[in-house]
Each structure stands twice: as C-alpha cells, then as structure tokens.
Amino acid sequence: MAENSEKTGKVYLIGAGPGDPDLITVRGFSLLNSCDVIIYDNLIPHELIVTTPAHIEKIYVGKSASAHTLPQEKINELLVEHASQGKNVARLKGGDPFVFGRGGEEAEYLRKHNIEFEIVPGVTAGLAAAATSGIPASHRDISSAILLLTAHGASEHELYVDWDWVSKIQKGTVIGYMGVKQLPNVVEKLIEGGMPPGIEAAMVERCCFSTQKVVCARLEDLPAEAERQNVNPPAIFIIGEVASLAEKLDWYNRKMLSGVRIMITRPADQSKWIYQLFRNMGAEVIAYPTIKTSYNDDKAGWEEFIKSGGKDNWLFFSSENGVRYFFGYLKSKQIDLRLVGRYAIAAAGHGTLRALNDLGYQPDYAPAVSGMVKFAEQMCADIEVAKIKVIRIRGQLQHDNIEEILKKAGANVHPLTLYNTEYAVWSEDEIRRLFMHPPHMIMFSSGRSVDGLVEVLGHEKALELASKSKISTIGPTTSEVVRKYRMDVELEATRHSIPDLINQIVQYYQKK
Ligand code: SAH
C-alpha cells in the first residue's frame with residue numbers, strides 16, 4: 001500500500017489475541033503484513049512485529065522503561081497523524097480491541113476526525129485463560145452466564161464495579177481482568193455481598209504462554225494462595241463452580257518443551273519455520289533477531305550472470321540467504337528462470353541445499369562436508385576447477401575464503417554480492433521485556449548472530465543475559481565466538497545444521 005498524501009489512510013483496530021502469535025485472526029494477520037505503519041501496545045507478541053516486512057514502520061506505545069504508558073490522548077493523535085498522511089495504520093492491541101482495551105475511545109476519536117476505521121476482533125484474554133486452564137467459561141449444568149469485568153479502578157481502594165451486584169450471580173462465571181493487586185479487595189467485597197466463600201476460583205497468569213501458571217483455590221483462600229505462588233500480572237481471575245473442572249480438564253503445558261523459553265537470534269524472515277516448530281512442541285519462542293539482512297544491488301555481478309552460462313559454468317550458493325535473494329530478484333525482475341538452467345549448481349551447507357530443494361532444484365554438487373573451507377577444497381579435489389567459471393552468490397560479509405581457494409586452483413570466479421548483514425537495533429523497552437522473562441536457552445546459528453547480541457546489548461548486558469540462560473550453537477565455529485566473549489556453551493549441534501541443533505535442544509530438555 002503506497003503512501004498517498006492526497007488521500008487519507010484507514011486505521012485498523014486489530015486484536016492481537018492474548019499473547020500466542022498464532023492466536024491473531026487471519027484478517028488481522030493479513031492487515032498487519034500489508035499496512036504502512038504498525039502502532040502497538042505492551043503484551044503484543046514480539047514475533048508478530050519482527051516478522052512483518054522491513055519497510056513497515058513500527059511504533060511502540062506501551063509501557064516505557066520508566067513504566068509509563070504513552071498517554072491515550074497522544075496515541076489518538078498519533079493514529080490521526082499517520083492516517084492523515086495517507087498511510088494505512090494497523091493499530092495492534094492485546095486481546096480484543098473493544099474489551100478493556102480503550103479501543104472504544106480510539107474509535108470515537110477517529111470518527112470525530114473523519115478517519116475511516118475498521119475493527120478486527122481478537123481472542124480476549126479472559127476467555128483464552130478459561131480455555132487454556134481447562135475451565136469452561138460456560139457449562140450446561142453449572143454456568144449459563146459469563147461476566148467479564150475489570151478490577152482496575154481510579155485508585156487502589158476505589159473500584160468501578162458494583163461488587164454487591166456481582167456477588168449475587170447464580171450459576172455463572174465471573175472473569176476478572178487487571179486484578180492481581182486488587183484481588184484481596186475484590187474477594188473481600190464479593191464475600192461481604194454474599195458470594196459463598198467456598199466457591200471455586202482460579203488465577204491464570206500469562207495464559208497462552210508456555211510458562212502459564214494456574215492457581216486454583218476456594219474463593220476465600222485465593223488471595224493468599226496467589227501470593228504464595230507469586231502470581232504476577234498479566235493475570236485473569238475466574239470465579240464460579242466451573243473452576244472446579246480445572247484439574248480434570250487440564251490439558252495445557254503437556255508438550256515436550258512446555259515451560260521452556262527459547263530465544264532465536266537469527267533473522268526473523270528466515271526463522272518463521274523454527275518459531276512454529278518450537279511452538280508446536282510447546283516452547284515459548286522469544287523472537288529476538290540480533291542480525292538482519294537487506295538486498296544489495298550488484299549490477300556488475302548480475303550482468304556477468306546474465307551474459308554467462310553454458311558448459312563449465314557454475315552457480316555457487318553457500319547460504320540460504322544467497323538462494324533467497326537470488327531467486328527473489330529473478331522473480332521481482334521477471335527474469336526467465338530457464339537462465340539458471342544454463343549453469344551447473346554447487347550448494348555448500350545443509351540450509352543452502354534445503355533452500356534450493358524447496359525451490360525444486362537438485363544441485364549438481366553438494367557433498368555433506370561441514371565448513372566452507374573444507375567444502376571448497378573438496379570441490380577442487382572432485383572437479384577440474386581450472387576449466388570452470390563460477391558465479392559465486394554471496395553476502396557482503398562472507399569472509400570464508402571460498403573465492404580464494406577456487407581461484408588458486410585456477411577457476412575464473414565472479415562474485416555476485418546479493419545481501420548486506422547488519423546488526424539489529426532493540427529498543428529500551430524490548431530489552432526490558434527480554435530481561436523480564438529471560439530465555440532458558442539462547443540459540444545461535446552463526447558467529448555473526450553472537451557478535452550481534454554483544455553489539456545490541458553491550459558486552460556487560462550480554463553476559464548478564466547469558467548468566468540467566470543456557471547457550472546452544474550450530475557448531476564449533478559459532479561456539480568459538482561465544483567463548484571469545486567469555487560466555488559458556490551448553491549445547492552444540494554435531495552436524496552443523498539447524499534441524500540437528502533443534503534436535504539437540506529437544507533431547508536436552510527430554511533428559512532433564
Ligand atoms: N483487550 C485485552 C485486555 C487488556 S487489559 C483483552 O481483550 O484481552 C489487560 C489485562 O488483560 C491484564 O491486566 C490481564 O488481566 C489481562 N491479560 C492480557 N493478556 C493476558 C495473558 N496472556 N494472560 C492473563 N491475563 C492477560
């Protein structure tokens with residue numbers, strides 16, 4: 001969607017769901033990935049943000065390092081400002097935008113300023129917490145009413161809700177938002193109003209996360225039990241006979257990696273399948289890329305590729321990114337893929353081979369040797385390279401000596417440099433949120449991603465994070481970089497591939 005200053009853009013108030021990135025709606029996801037700017041809150045899954053295309057502007061308006069939220073008035077103005085510039089705005093809010101999310105106020109403000117808007121509903125935390133804790137919000141025999149309420153008031157002692165009225169609910173379920181601090185106060189008022197002190201109740205912290213906590217108790221005991229088990233926001237309380245089913249219907253945290261938080265540092269656009277795989281196994285994914293790549297336009301390299309081809313002409317791929325940027329360019333420029341057919345193809349590395357296979361290519365030369373130098377030496381031994389011309393597809397920072405080795409053996413090598421690698425930049429808030437729930441395991445798939453962590457956090461903070469986590473790497477070269485920074489390596493893949501590294505991580509937690 002292009003920016004157009006003549007026309008006003010539209011604002012989409014989108015519910016992101018309760019925290020699991022898979023729980024946004026298809027419509028919300030599609031808008032998020034096609035808008036011009038995303039304005040998002042606290043409690044939005046980081047993965048939803050980092051996997052959107054790089055050209056989309058992202059603005060965080062949640063709690064800042066000083067724990068202050070951007071005032072609502074400023075957020076409203078921001079929405080109008082961007083839409084007035086002709087941009088389509090994805091205003092991403094936790095849960096459902098119209099359930100305790102101030103979405104109503106934002107919509108009113110937009111209407112007042114003649115900005116078109118659309119509301120995309122989301123899975124609200126209260127109902128998600130019921131689902132993931134095995135407490136049916138309604139139940140044919142014991143609950144035919146669901147009351148969603150907020151325990152948040154203007155001040156600590158003042159609550160907005162008429163608790164006397166709530167306490168009279170019969171055969172119903174009371175689901176409370178923002179109630180951690182107010183829980184003792186709320187329970188006292190409910191019991192005063194006549195709610196049976198022995199009725200079942202539960203507190204669900206961080207529902208839909210792999211580290212979700214469910215605390216069940218009789219209503220009168222819930223505040224003490226929640227305190228004993230150290231329940232922290234965000235949490236939902238559920239009161240009603242249905243809560244007695246929690247134990248019987250418990251189903252959540254039962255997967256292989258339940259309770260494990262894994263931080264993935266490689267670029268987000270290459271990691272979606274890894275995020276999904278880990279999540280399917282029950283892990284919580286911390287999608288914090290330390291590096292990112294961007295396209296580099298190498299005109300001379302492309303000219304060489306277009307004019308060459310034929311007998312003894314090779315395309316040499318040595319990274320997944322090389323494959324991605326190479327074929328991405330051909331597609332975007334509508335260059336006939338049959339040009340590729342004039343070349344023999346060499347693929348170094350497991351990920352490179354897989355990326356080519358995914359596109360339907362079966363490389364002519366792809367021995368399973370680990371390490372780029374070894375690969376190039378092996379190629380010189382197996383093929384008469386003195387006769388060949390090689391278009392070497394590469395990234396700007398790939399200092400792996402492949403070109404030198406091939407040249408020395410007499411090959412005519414032309415680099416085609418297709419991408420730049422840069423360090424990511426994390427905001428203060430992202431760093432704060434990372435340390436709030438630090439990973440159990442950090443996964444590094446290249447030395448550069450380790451450099452990236454030290455670059456984005458600074459060495460001291462990187463060491464602090466490493467001291468709270470374990471580190472796993474794709475192989476010895478990456479481990480060396482980790483140790484260079486005085487951090488310890490707990491796990492190392494043996495076959496220098498991401499699937500193998502994932503396997504090792506799974507086995508590690510299975511043994512524990
Ligand atoms: N619009 C949101 C609610 C925002 S109010 C929605 O529809 O869900 C913020 C409150 O939501 C938190 O204080 C907490 O009570 C609840 N909440 C949000 N995410 C949660 C989660 N993952 N687990 C438990 N409670 C959550």
Side-chain angles (χ1 to χ4, degrees), residues 12-25 28 39-48 61-63 67 69-70 72 75 90-107 119-135 137 146-154 156 159-161 173-183 185-187 201-216 222-223 226 229-239 243 246 252-253 258-259 261 279 284-286 433 436-437:
Y12 297 88
L13 290 170
I14 304 171
D20 178 337
D22 288 341
L23 286 179
I24 188 171
T25 61
I39 299 182
Y40 66 105
D41 281 342
N42 195 15
L43 297 182
I44 298 296
H46 198 236
E47 188 179 319
L48 282 182
V61 294
K63 281 200 175 74
T69 313
L70 197 66
Q72 188 61 47
I75 298 176
R91 168 71 177 119
L92 194 60
K93 303 173 76 71
D96 181 282
F98 272 11
V99 179
F100 308 124
R102 306 189 74 168
E105 291 162 62
E106 291 177 17
I119 316 290
V120 183
V123 176
T124 190
L127 295 179
T132 57
S133 59
I135 300 175
I146 304 163
L147 181 58
L148 302 184
L149 54 83
T150 169
H152 193 69
E156 197 154 322
L159 300 169
Y160 291 133
V161 172
T173 309
V174 177
I175 297 183
Y177 294 67
M178 294 178 264
V180 175
K181 227 164 132 195
Q182 289 289 358
L183 190 68
N185 200 2
V186 166
V187 169
M203 196 82 181
V204 188
E205 176 191 305
R206 294 187 91 225
C207 75
C208 301
F209 287 88
S210 153
T211 45
Q212 147 179 315
K213 193 188 282 179
V214 182
V215 172
C216 294
L222 190 65
Q229 296 199 37
N230 191 25
V231 173
N232 283 300
I236 291 284
F237 62 77
I238 304 176
I239 305 169
Y252 204 64
N253 299 347
S258 288
R261 274 194 294 271
R279 205 164 24 255
E284 180 181 327
V285 171
I286 305 185
R433 280 178 286 152
M436 222 154 75
H437 300 284

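Keep in mind that this is a model prediction, so the values were computed, not measured. Order of appearance sets the numbers: ligands from 1, and atoms from 1 within every ligand.
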* **For atom 11 (O) of ligand 1, the protein heavy atom that lies nearest, with its residue and separation** => Tyr177 CD2, 3.6 Å
* Is the shortest distance from a heavy atom of Gly19 to ligand 1 less than 4.0 Å? -> no
* Pair Arg261-Thr211, side-chain donor/acceptor within less than 3.5 Å -> yes
* Got Leu149 and Tyr160 here, is their nearest side-chain heavy-atom distance under 4.5 Å? -> no
* Specify the protein heavy atom at minimum distance from atom 22 (N) of ligand 1: its residue, its atom name, and the distance to 0.1 Å. => Pro18 O, 2.8 Å
* By salt bridge (Lys or Arg N to Asp or Glu O under 4.0 Å), which residues pair with Glu284, not counting sequence neighbours? -> Arg206
* Structure fact -> To atom 5 (S) of ligand 1, the nearest of Phe98, Phe237, Phe100 on a heavy-atom basis is Phe100
* Ile14 versus Ile24: any side-chain heavy-atom pair under 4.5 Å? -> yes
* Structure fact -> A student checking ligand 1 against Val204 at a 4.0 Å heavy-atom cut-off should list atoms 24 (C)
* If you measure every N/O of Ala125 against every N/O of ligand 1, is any gap under 3.5 Å? -> yes
* **Proximity of Thr150 to ligand 1 by residue part, where a heavy atom lies under 4.0 Å** => neither
* Is ligand 1 under 4.0 Å from a heavy atom in the side chain of Arg206, in the backbone, in both, or in neither? -> backbone
* Give the C-alpha distance, both sets of side-chain angles, the deciding distance and a yes or no for side chain to side chain contact (heavy atoms under 4.5 Å, CB included) between Val180 and Met203. => CA-CA 9 Å; Val180 175; Met203 196 82 181; 3.9 Å; yes
* Structure fact -> re atom 9 (C) of ligand 1, the protein heavy-atom contact at minimum distance is Met178 CG, 4.0 Å
* To do: Using a strict 4.0 Å cut-off to heavy atoms of Thr124, name the atoms of ligand 1 that fall inside it.
  => 6 (C), 7 (O), 8 (O)
* Please work out whether any backbone atom (N, CA, C, O) or any side-chain heavy atom from C-beta onward of Ala129 is under 4.0 Å from ligand 1, and answer side chain, backbone, both or neither. => neither
